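In this text the structure is predicted, and so the values were computed from the model without any measurement. Worth knowing before you read on, the calculation uses all heavy atoms, side chains too, and leaves out hydrogens, waters and symmetry mates. Throughout, a chain's letter reflects where its sequence line sits, starting with A, and its residues are numbered from 1.
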Amino acid sequence: MNTNDTLIPLLGIVTDIRQDTPDVKTFRVVAPDGGKVFEHMPGQCAMLSIPGVGEGMFSITSSPTNKEFMEFSIKKCGCLTTWLHQMDVGQMITIRGPYGNAFPVETELKGKDLLFVAGGIGLAPLRSVINYVRDNRSNYGSVRIVYGSRSKDDLVDYEEIIDEWMNDEGIEVNLTIDNPQEGWDGHVGFVPNYVKELNPSTNSTVLVCGPPIMIKFTLAGLKELGFKETQVYTTMELRMKCGVGKCGRCNIGNKYVCKDGPVFRFDELGELPDEY
Amino acid sequence: MQEAMIKRAKELLADGTVDRVMGWKKGEFAYDHTPAVFTSAQDLEENFVCDELTSANLSKYLVKETVREGKVLAFLKPCDTYSFNQLVKEHRIDREKVYVIGIPGGPKLDIEKIKAKGITGILSVKNENYTLKIDTIYGVSEMPFYEAVSGKCANCKSKKHVVYDELIGEDGDVLDSGRFEMVEKLENMTAQERYDFWRSELSKCIRCNACRNVCPACTCEKCVFDNPSSGVENKAAADSFEENMFHIIRAFHVAGRCTDCGECSRVCPQNIPLHLLNRKFIKDINELYGTYQAGENTTDKAPLNDYKMDDCEASVVHERGAE
Amino acid sequence: MQVNENKEFQPLIVAFCCNWCSYAGADLSGTNRLNYPTNVKIIRVPCSCRVNPMFILRAFQRGADGVILCGCHPGDCHYTSGNYFTRRRMTLLFGMLDFLGIERDRTRVEWVSAAEGAKFAATMNEFTEAVRKLGPNRRLEDLRCRKQ
Amino acid sequence: MFRKITVEKLDQLFQAISAKQSLYIPTDREDGAAEFRKYENGMKLSNALNTVRSAKDFFFPQTENLAAFKMEGKKIEVKDIREECEDFVIFGVRGCDARSFDILDKVYLVDPVDSFYKNRREHGTVVTMACTRPSETCFCTAFGIDPTMPGGDVTAFPDGDGFFLMANTEKGEKLLADISDLLEDGDSEKLMAVQENTRNVLKKLPLADLSTESFGGERLKEIFNSDKWAGLSESCIGCGTCTFVCPTCQCYDIKDFNTGDGIVRFRCWDSCMYSDFTKMAHGNPRISQLERFRQRFMHKLVYFPANNDGEFGCVGCGRCLQKCPISMNIVKVMKALEVK
């Protein structure tokens, strides 16, 4: 009997749980006999589930260059994520994937200057790309990261940003928070405005992820600066059940986010109906 | 009739009494009329229809319509006025925002009953002295009018309008419908026979939720069967238990509020006699707690919101009918 | 463990007991050393009126062979009138279950006060026997939940 | 070879097939509607044009178990609880339903293949039945289906007193070989006359001139943004009747059921007409019935052809025309959105 249907999940063990922000935790997952459950490319997703609680699509936050484990940064939001936030290290979960396309790190992005724009938990899918780029540094041009959040405490992966990314040569990190806060001497203001202030070179390729409203204004700002839609990539999220374009709910027009996405270039999205 | 309704609707639109008209719109064929909202005289003239095949109950649409700005004209058949009243009573419809014109009721026809006779390719249906002349692509067929009467009209409980602002045609009376006959017949069967009857009926259910969504008494914002936190959420009956569960609870949740409009059975794509479940509750309520007709007025306390010190005990169930 | 082929059928009885009267009645029957079958599993509810028809159905789904609902005597409800509503509700629900051909002896409502420990034990004995005679619940069970 | 089974021998044919594998035929229920049932001796083939539920049930059942989980402390065990599928024959599938299998194939047999569906598809033999009395609700010809040549593994052509049987595939030939001694030579002239007559009726059907020209991937945004949707969807009650009787609706939901002894994960049909279809923890991209209603018809008339070389996701069986509680259906939508 054929047992390898993609709908039948594999198992993973949570070996580490890190509290990133008050409502975001990062989970480290390995296969029961060690190593990664499967290989992926930056931007791809996986279906995580606790049987009886729910199943949900999460972007894989760790870079494929990490050969030991996968990581998922998950915001507490609904039924499943609340459960995940309450579990302890050693818990098994079911996992299937990888699903979706990926950021074109080996094709279109190669050799390009990269500008990453992220808001809040939107850093999760981009972190995979950023670390992939850091590990293959010679393949890419300059790297600039603009990342903002509601407050200092809501910056995901703050320690990694400070300790590793900021210390890398050729990587410029610009952080911002929405409102002034004690102990914060960095920039204050919304991400779209900050991007405009920074006035990045229009040669770079942009990767944006964050709340829909942030994406909308960032795109408008980039266009003002002279960026073209073909230079900007984003990653989407909609309700998913199967992960393979068959259950029929995550479509934007004729594209399924789980299969044709989640990564879209803005000129592609422009051809689709505004229903996301 | 249809002409008089269009004329009156146009007048009321023109003089500003109402902003919209809730009625039925002609379809592709002779029988597929759709409930619709009309806003212009031209639209009314071209598309408004009211005939023997406009059986849909419009009252539930008024929940949505009365949330909108302005006043809406609704044409209600006698049975629809009961549903309307019940919704007013439950504060789901703002009475002030509806101008009700009572129109004579059925008997309405059920196109499926015509098709069940093997008549297919239907182009038009005409009632000539209670003989239906059905023009089809395979020639003309005839059948007695009463053999095609919709199930919901077969045991009409009332031709009286319980609420209206004006009437077109004459008001009728509450009828002695004999509507509990089938319930009684089932009650007199043995438990095994009843079980077999309902198993064969309910196992046809495809859980399309048409019975629930069309029901004027089912107006919850979120149904318990759609709510993952309820513990009973289900989308498809994965086991015969879930078929029973859904239909028992559906009927129970409208017990004492169901006006017996018959929409549930009319819309069931699998022809399950769902109204029998509702009628069972109505019959029990009538027998045990005194005759009660939901929607008859907007003041009486609903039987399940009420009690008497000397109500019968639940063991009464053990003392009735066949085992 | 030995499996006895001829083992007598042991029904699973779910008893919803109101906190103020019937649960205390069950307690009293215990302190009085009165016997009632271990088949009875008690679920304490604040008032008999808390028991939604779905509770009864779900008990059957999850393997109960009989469901009994116990509350304060009419007139004695801690919340004044809860049990009056229960009475109407359950009468209609049981009538419907009967109408669908579900054995009527699988369901019961009984009023048990905090002082009626003996009545509680007697009721449970009697009800368990009645359900035992009916055999396993097959008409309102969920096959997925049947114990292998 | 073109051979015939007479009406008198039909029971023998059914018995011969059902002796070797499960046979399903459309048969009349007490309420007059037809449904596919497993053949038992004495069961009569329905004369109805179509069944209420479509034939997709055989390959894509309403509920289907995917896996079971045993939970113990922090441990999870996954079990494949798939049931072995046995060979079966569906007899009397109309041309519209037969085409619907091609459409489902384009969803479930593309990479990654749905092994549950594929398994059933491999074990099923489809015997189609040519139409002779199409109904006013039929519009399969609009989608290029010829109901007098319905395809499938074997096609049965009724000629009034029997059926000519023609194998179209290897599977079909195998089925016919098993029952060859029940077949006899027939006069094909009568069959030609029946077919000719049916073709003439098809031309006279009220929906014979329904055009699909205005639809397809090219006008995606234009159709999506049409102002007609509001009026079309205003009386939709948001039930799932159209989707559940539809032979091509293939959306599903995946759910877990706690049996008390473990978790069973199953999938079941879902409907894009339901309000929770796209609901997420933090919002819903389709908040009103207009958007959900639009999705269903956009999928059939625009998205599906955009992804499948212009093939539409509708087969014109007419079930939604007959069963919609408020008589709103794809034909009305097509006529309203048509570019004249």
Side-chain angles (χ1 to χ4, degrees), chain A residues 1-14 32 47 49-56 75-82 87-94 212 237-256 259-260 270-276, chain D residues 66-71 73-78 80 82 84 107-108 110-119 217 220-221 224-225 249-254 256-258 262-265 267 270 272 276-286 291 294-295 298-299 302-307:
Chain A
M1 204 185 287
N2 183 3
T3 54
N4 57 4
D5 196 285
T6 184
L7 296 179
I8 299 176
L10 303 167
L11 291 171
I13 295 178
V14 177
M47 273 286 198
S49 147
I50 299 292
V53 180
E55 192 169 37
K75 183 168 171 167
K76 190 158 133 185
C77 191
C79 182
L80 174 67
T81 51
T82 304
M87 72 186 177
D88 297 322
V89 167
Q91 173 71 44
M92 268 186 164
I93 58 170
T94 76
E237 186 196 16
L238 285 174
R239 181 72 170 165
M240 296 174 194
K241 283 286 179 179
C242 68
V244 285
K246 302 190 196 298
C247 79
R249 68 195 65 220
C250 66
N251 66 310
I252 303 171
N254 61 327
K255 299 284 184 208
Y256 288 98
K259 197 178 80 179
D260 307 311
E271 288 164 17
L272 300 174
D274 186 21
E275 192 176 47
Y276 44 84
Chain D
L66 298 177
F69 302 95
K70 201 96 180 159
M71 319 280 286
K74 289 180 175 177
K75 269 203 162 128
I76 301 175
E77 192 190 328
V78 190
D80 192 334
R82 203 180 306 206
E84 197 72 66
V107 177
Y108 286 117
V110 295
D111 188 56
V113 173
D114 188 290
S115 62
F116 298 87
Y117 176 85
K118 181 163 173 262
N119 191 18
L220 192 147
K221 280 188 108 169
F224 185 91
N225 293 321
C249 268
Q250 65 16 252
C251 295
Y252 62 79
D253 195 356
I254 297 177
D256 287 352
F257 178 79
N258 189 338
I263 308 289
V264 175
R265 181 164 290 173
R267 72 165 162 207
D270 201 351
C272 52
D276 58 353
F277 187 65
T278 51
K279 191 167 179 281
M280 292 177 280
H282 60 269
N284 192 344
R286 299 187 199 129
E291 286 144 343
R294 175 171 61 191
Q295 162 65 19
M298 287 297 285
H299 189 190
V302 180
Y303 304 156
F304 196 84
N307 293 344

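When A/T6, A/N251, A/I252, A/L11 are compared by the number of non-hydrogen pairs under 4.5 Å with chain D, A/N251 comes out ahead. Among the candidates A/G78, A/P9, A/G56, A/C79, the residue making the largest number of heavy-atom pairs closer than 4.5 Å to chain D is A/P9. When each of D/G73, D/P285, D/G262, D/P112 is scored by its heavy-atom pairs under 4.5 Å with chain A, the top score falls to D/P112. Taking D/M71, D/R286, D/M298, D/K75 one by one and counting their heavy-atom pairs under 4.5 Å with chain A, the maximum is reached by D/R286. Counting heavy-atom pairs closer than 4.5 Å to chain D, the top residue among A/C242, A/P32, A/P51, A/G245 is A/P51.
Of the two parts of A/D274, only the backbone, made up of N, CA, C and O, holds a non-hydrogen atom closer than 4.5 Å to a non-hydrogen atom of chain D. In this structure, no portion of D/V264 lies under 4.5 Å from any heavy atom of chain A. Only the side chain of D/F69 comes within contact range of chain A, with at least one heavy atom under 4.5 Å from a heavy atom of that chain. For a residue to count as touching a neighbouring chain, one of its non-hydrogen atoms must lie under 4.5 Å from one of that chain's; by this rule D/Q295 touches chain A with the side chain only. Neither the backbone nor the side chain of A/V14 comes within less than 4.5 Å of any heavy atom of chain D. When heavy atoms are compared at a cutoff of 4.5 Å, D/L66 approaches chain A by way of both its backbone and its side chain. Contacts of D/D114 with chain A are made by both backbone and side-chain atoms, with heavy-atom separations under 4.5 Å. Residue A/E271 touches chain D through its backbone alone, counting heavy-atom pairs closer than 4.5 Å. Heavy atoms closer than 4.5 Å to chain A are found nowhere in D/F304, neither backbone nor side chain.
With sequence neighbours left out, the ring-ring contact (aromatic ring centres under 6.0 Å, His included) criterion links D/F257 to no other residue.
A salt bridge links A/R249 with D/D270: at least one charged nitrogen is closer than 4.0 Å to a carboxylate oxygen.
Judged by the 6.0 Å distance and 45° axis criteria, A/R239 is not positioned over the aromatic ring of D/F277.
Contact of the A/L10 side chain with the A/T94 side chain is not registered, since no non-hydrogen atoms from C-beta on lie closer than 4.5 Å. Taking 4.5 Å as the limit, some side-chain heavy atom of A/N254 sits within range of a side-chain heavy atom of A/L272. At least one side-chain heavy atom of D/M280 sits under 4.5 Å from a side-chain heavy atom of A/L238. Side-chain contact between A/M87 and D/K74 is absent, with no heavy atoms from C-beta onward closer than 4.5 Å.
For the residue pair D/Y303 and A/P273, the shortest heavy atom distance occurs at OH-CG, 3.7 Å.
Side chain of D/R265 to backbone of D/I254: no donor-acceptor contact under 3.5 angstrom is found.
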